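Each remark here refers to the structure printed beneath this line.
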Protein chains: 2
Amino acid sequence: MQSGQEHTLSEFRQQCRAAGLSLTHQREVIFLAVTASKGHPSPESIYDEVRRQIPSISLATVYKNIRTFLEAGLLREVSPHHGSLRLEANLIDHHHLVCTRCKAIVDLAETDIEPVHLKRELPSGFRVLRYSVEFQGLCPDCVADIKTP
Amino acid sequence: MQSGQEHTLSEFRQQCRAAGLSLTHQREVIFLAVTASKGHPSPESIYDEVRRQIPSISLATVYKNIRTFLEAGLLREVSPHHGSLRLEANLIDHHHLVCTRCKAIVDLAETDIEPVHLKRELPSGFRVLRYSVEFQGLCPDCVADIKTP
DNA sequence: TATTAAACGAGAATCATTATCCAAATGTCA
DNA sequence: TGACATTTGGATAATGATTCTCGTTTAATA
């Protein structure tokens, strides 16, 4: 185990306890693999990584625990609607309101927000073509559903 | 056919001509179904809609043409990495640089941009919990690849 | 340490999407 | 306009990602 993971590990154990999740070796290795990954890994790439330490682990176990961690708030998914392709015919720059509960997406006109300003230079060499702001939250329907379940 | 689609339709025909795409009845109905949809439809929901006008259409035809439209730039997909779940352990608010070519995602600290300001109220009832800015473009590697293929 | 509930592993099942292959429609040019 | 070459459509098989099932193993706790 590399140095620097001890802290993450004890934090992880504490988070599991707080969330009422059993501590298993598989869970520790999976979670550490995600945090150790510099990028934004896919379940498959985590599986590849974890198998180096637990060759017998099942892909289903990786998926199951990733989902558990997402539900417990220990991990987050980058895109709130990765499951199915979503289309738009509006090619003009604009922004999105996304309901994290029902996955609804509502457009917000480019002119509805002040232009975004960078405080510093971007990582070298990245060529930005456009940007869009994603406001995450709850749509009116889901707000109502939560208040009166 | 509802009023107001004639304009979209003639525009569509012109875009197809410009892109060298054959004009078919299926393509027209599919494209109009996407533009008529107020939200951000999935292929499946477009299929359901289109079948009301062309009951014999195949789901594969819908997918094929959606892909064609995306490649020709007639449509856009909402999420640049919808294909596979991507994780992050960084729960602190931050932003993303996304390479539209190789799908790489790089974090940008919350403090790297000026706070986003709304010019007007959001659509009523939407409760915003957080926002993040997605800068789309090309990462250094892909910039280099394009220059020297 | 014995009991019980939760988690694991293997593989089947499901869902979204793409590929294949033949028939039908489109585009073009004489 | 008619014939031909090309593209597209429809049906269905195949693939890839993800979830489910079920019998076995492990963790939590008394």
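Chain identifiers are assigned alphabetically (A, B, ...) following the order of the sequence lines, protein sequences preceding nucleic acid strands; residue numbering begins at 1 within each chain. Computed from a predicted model, the values in this text were never measured in an experiment. Computed over heavy atoms, backbone and side chain alike; hydrogens, waters and symmetry mates excluded.
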Problem set entry | Heavy-atom neighbours of B:Leu129 CG exceed 12 at 6.0 Å | yes
Exercise. For D:dT8, does OP1 or OP2 lie under 4.0 Å from any side-chain N or O of B:Asn65?
Worked result: no
For this session: Describe the nucleic acid contact of A:Thr24 in one word from base, sugar-phosphate, nothing, applying a heavy-atom distance below 4.0 Å.
Result: sugar-phosphate
Exercise. Can you find a side chain N or O atom of A:Arg67 that sits less than 4.0 Å from OP1 or OP2 on D:dT18?
Worked result: no
For this session: Assign A:Ser84 to base, sugar-phosphate, or nothing according to its heavy-atom contacts below 4.0 angstrom with the strands shown.
Result: sugar-phosphate
Problem set entry | Residue whose closest nucleotide on DNA chain C lies nearer the 5' end, A:Ser22 versus B:Ala60 | A:Ser22
Seminar exercise, completed: Whole-Å distance, A:Ile54 CD1 to D:dT25 C1', equals 14 Å
Exercise. What is the nucleic acid contact for A:Ser56, judged by heavy atoms within less than 4.0 Å: base, sugar-phosphate only, or nothing?
Worked result: sugar-phosphate
Problem set entry | 5'-most by nearest nucleotide on DNA chain C - B:His25 or B:Pro43 | B:Pro43
Seminar exercise, completed: Whichever of B:Leu85 and B:Arg27 has the more 5' nearest nucleotide on DNA chain D, that residue is B:Arg27
Seminar exercise, completed: Here the distance between atom C1' of D:dA28 and atom CZ of A:Arg13, to the nearest Å, is 15 Å
Exercise. Taking only N and O in the side chain of A:Gln26, is any of them less than 4.0 Å away from OP1 or OP2 of D:dA27?
Worked result: no
For this session: Taking only the side-chain nitrogens and oxygens of B:Tyr63, find out if one of them lies under 4.0 Å from OP1 or OP2 of C:dT17.
Result: yes
Exercise. Considering heavy-atom distances to DNA chain D, does B:Gly83 or B:Leu21 have its closest nucleotide positioned more toward the 5' end?
Worked result: B:Leu21
Exercise. Does a salt bridge link B:Asp112 with A:Arg120, judged by any charged N lying under 4.0 Å from a carboxylate O?
Worked result: yes
For this session: Would you classify A:Leu23 as touching base, sugar-phosphate or nothing, given that sugar-phosphate means primed atoms plus P, OP1 and OP2, and contacts are heavy atoms under 4.0 Å?
Result: sugar-phosphate
Exercise. With respect to the phosphate group of C:dG9, does any side-chain polar atom (N or O) of A:Thr61 fall under 4.0 Å of OP1 or OP2?
Worked result: yes
Exercise. In whole angstrom, what separates A:Ile66's CD1 from D:dT19's C1'?
Worked result: 13 Å
Problem set entry | Ring geometry between B:His96 and A:His40 (parallel below 30°, tilted from 30 to 60°, perpendicular above 60°) | perpendicular
Exercise. Salt bridge between B:Asp145 and B:Arg101, side-chain N to carboxylate O under 4.0 Å?
Worked result: yes
Exercise. Side chains of A:Glu134 and A:Gln136: do they bring a donor and an acceptor to under 3.5 Å?
Worked result: yes
